Structures are given as structure tokens and as C-alpha cells.
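All of these numbers come straight from a predicted model, not from anything done at the bench.
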2 protein chains.
Amino acid sequence: MRVPLSAEAVIADAAALADEAGFESVSLSAVARRLGVQAPSLYSHVRDLEAVRDGITALALGELADLVAAGIAGRAGLPALQAYSAAHRTFARRWPGRWQSLQRRAGEAVVRSAAARAVSAQAGAVLRGYPVPQEEHVHAVRLLGSTINGFLALERTGNFDHSSPAPEVSWDRTVVALDALLRAWPENSRGDEA
Amino acid sequence: MRVPLSAEAVIADAAALADEAGFESVSLSAVARRLGVQAPSLYSHVRDLEAVRDGITALALGELADLVAAGIAGRAGLPALQAYSAAHRTFARRWPGRWQSLQRRAGEAVVRSAAARAVSAQAGAVLRGYPVPQEEHVHAVRLLGSTINGFLALERTGNFDHSSPAPEVSWDRTVVALDALLRAWPENSRGDEA
DNA sequence: ACCCGAGCCTACAGGTAGTAGGCGAGTACC
DNA sequence: GGTACTCGCCTACTACCTGTAGGCTCGGGT
């Protein structure tokens, strides 16, 4: 064979297909066509379709972690937050299919992977530049993830298409708002317990 | 036929199936089985599978709008925000399949529907209790939607399963944080332009 | 009473997931 | 150098899904 097949090759091709045609269009038949083999041949390398999907998710997690790591290195506070957000948004726009693969319940192996831990640890790292007490980090991380991911999801499904201005403007506003929120975190917690 | 079929009956059944088995499991075959007819018979009532999906989305939008409307009526400020958020979360938990149907790009007819407009107008209504200038409403509405939807999405895909405490705690914190953010909105905008 | 049409049916074409088993090419070992 | 083994891709097949074509039946209107 010119290009010997392997699990990695199958998953890399499936990821490319996801970016081109959407994660939901990833089928073993389509991947096999692209690789120039018959569909059943793929089962020598991957267990089933779900394994390919999980493979894309794992691949995407690793790439996202690298991109975010490069962005937040050596930054703190607002610049770190901006880099963190920008990395997520860049990833979502550049590799839409891979990003879609993250918006689903993945297999246990993927969830426990180093890349998955890395991504959530990075949100915590950004918080180091803010006065958020350690025991509240979970909440702040969840809030950060919710807003950033939520924005990208709404943008991608066209929720912002029928109002102006362009999403970019709201995006910058949103990041600044998150910064303000994190800077004022102690006061809000205090107010919360009152 | 005991229960004469209609487009509404097909879509109602499909929505029930979505809640039970997940939106992605909605197939015309499965709906036909549940209704006790053969699959091709459904094509007399609905154009194709995509029309059924759009039907579920439209149905869900209407139900969500009603639920939110009941919650925010007669409330302002934090209570309104809490009711608004709670309505969304209640909806997502009670009718998971219908909620999933909202997390996708829907057909033009659905996007333009009265229910769709109502849902986005409700976010604007909540903002009336906050000092957010009219020309900034878009940004605030987008932020609100991103965070609330994003949280529910992450919760649903199990992102919060491997950390404590329970998502409920973070949810309350998140809503309070949004309240603080909206109350302090003018300052942040000012800081943004500086 | 009769005709007509709405609505469900069977039959079928095309596409996808996944299994079973064959076959050929490279390899290791005698 | 020959034999036998193994691995990877193949063909063939089952089961299930979407969507189309065309037939049959029953109930309502004239």
C-alpha cells in the first residue's frame, strides 16, 4: 500500500472530513472513500464509528490544549484571559469539525486523558491572575467555560446572524466583562452569602 | 385509525422520543413504530426528517417561551434574572430532547417564527431592570444567552461530573455573578473604551 | 348508491454500520 | 530456497435508515 493505514491515519482523515463537512457527516464509508479503501477495511484499525468520534475528540483536545498553552504562557490577568479566549475562538473557527467534536459526551478514556485535564487546568491557570479564592476556583472555571463555549456555540449555530453588530464586537465586550467579573469576584461572593 | 395522524401528532411524538432517547435518535422509522404505522405513511404529513426536526425545534421554542414568560412576569432585577435562568434550566432538564433541538441551526421558517422572536425578546425584558443602555442591549443579551446556554450544555455533556461541588451550587453563583455584571455594566463599558 | 380522494399500505432504490470469511503479499523459520 | 503463518484489505452479506412510486381501501359528499 502506498500509504499504509493505521488508527491515527483514519482518525486524522476523519478529523479533516469533520472540518470540511461537519462532525455529523463523519461516517466510516466517507472516510474509507477518502482513503481509497473499502469501508470494512477500517475495522482492522478502529473498533467502530464511536471510536473514530472519540478519536477526533481526543485529537482536538490535544490540539486545543497546545494552542491555549502557547497563548497564555507568560501572561497574567486580562492579557491571559484574552489569550485564553482567543485561542478557543481561533480553534473553533479554524477547525469547526474538531471543535464540534468537543461539544458532546465523550468516552471515558477521552475524559480521563491528559489533554482533557490540561484544558481544564488552563482555565485554573488563568484565574491565578485574579483574586478568586482557591475554594471558589471551580465555580469560576465553570463560569468561564460556560460563557466562552456558549458564545462560540451560539455564534456557530447562527443565533447572532439576525442582529447587529457583528459577533466580534460582543465577543470583546464579553471577555472584558468576564475580566471585570473576576476582578470583583470577592465582593460578589460576599454579597452572595448575605 | 384510532388516532388519526397529523403533522402535529407526528411532531409531538417525535419530541417525546427525543426526550426519551436523545434528539439524535429521532428517526422517522422510530416515530412510525411508536405511532403504529409504516414509515412511508409519515410522508403524507411531514416533508422529510429535517422538517420533523424543525418541528420539534419550533415546538420547543414555543414551550420555552411560555415557561420563561410565566417566570419573569411581574419580576424585575435579580428575581427576574433568576426566574429567566431557572426557566431555561428547568426546561433543559425536564425536556432534554426538546432542549437539544434548540442547540442547532434550524430552518429559516423556525428562525423567523414568533416563538423565536419571543425568546430573544424575553432576555431584553430582563435587562430592563438593569442600567444597561439600550444600544448595549445586544451585547448583554448575547452574554446572557452564552452563559446560560453554555452552562446547560456543559452540564448536559458531563463536563462538571468529575469535579465537586454539584453543578447547582455553581449555577446559583453564576446567576448572581451575571446580576452583578449587569448592575455594574456602565462602569465596565466605560473602562472598555478607555 | 356511487364515485372520489385522503391516507395508509407494499415494494423498492440507495446509503450506512458492522460481521464473516477469503485471499494475497510479506515474513519468519526451517 | 521453500513452506507456512500472519496481517491487512477484499467481497459478500445482514440489518436499518431515508425517501419515492404506486396500489388499495374506506369514508364522505353528491
Open item on the list: Could you check whether B:Tyr130 and B:Trp185 have their ring centres less than 6.0 Å apart?
Closed with: no
Which pairs would a plain distance check flag for residues 54-81 of chain A, meaning a side-chain donor or acceptor within less than 3.5 Å of a matching protein atom at least two apart in sequence or in another chain?
unit_1, atom_1, unit_2, atom_2, d
A:Asp54, OD1, A:Arg104, NH2, 3.2
A:Asp54, OD1, A:Gly107, N, 3.3
A:Asp54, OD2, A:Gly107, N, 3.3
A:Thr57, OG1, A:Arg53, O, 3.1
A:Thr57, OG1, A:Ser101, O, 3.0
A:Thr57, OG1, A:Arg104, NH1, 2.7
A:Glu63, OE1, A:Arg98, NE, 3.0
A:Arg75, NH1, A:Gly71, O, 2.6

Grab the [atom1]-[atom2] distance between [X] and [N] for me, whole Å please.
X	N	atom1	atom2	answer
A:His45	D:dC10	NE2	C1'	12 Å
A:Gln38	D:dT11	CD	P	5 Å
A:Leu42	C:dT16	CG	P	13 Å

In B/S/- notation (B base, S sugar-phosphate only, - none; protein heavy atoms under 4.0 Å), nucleotides 17-24 of chain D written 5' to 3' is SBBB----
Between side-chain atoms of residues 31-39 of chain A and protein atoms elsewhere (two or more places apart, or another chain), which donor-acceptor pairs fall under 3.5 Å?
unit_1, atom_1, unit_2, atom_2, d
A:Arg34, NE, A:Asp13, OD1, 2.7
A:Arg34, NH1, A:Glu20, OE1, 2.9

With the side chain counted from C-beta on, respond yes when A:Arg93 and A:Glu155 share a heavy-atom pair under 4.5 Å apart, and no when they do not.
yes
Checking side-chain polar atoms at under 3.5 Å, does A:Asn149 have a donor or acceptor matched by the opposite partner on A:Gln103? yes
- OP1 or OP2 of C:dC9 under 4.0 Å from side-chain N/O of B:Ser41: yes
Tell me, please, whether B:Trp99 has B:Arg156 positioned over its six-membered ring: NZ or CZ under 6.0 Å from the ring centre and within 45 degrees of its axis?
no
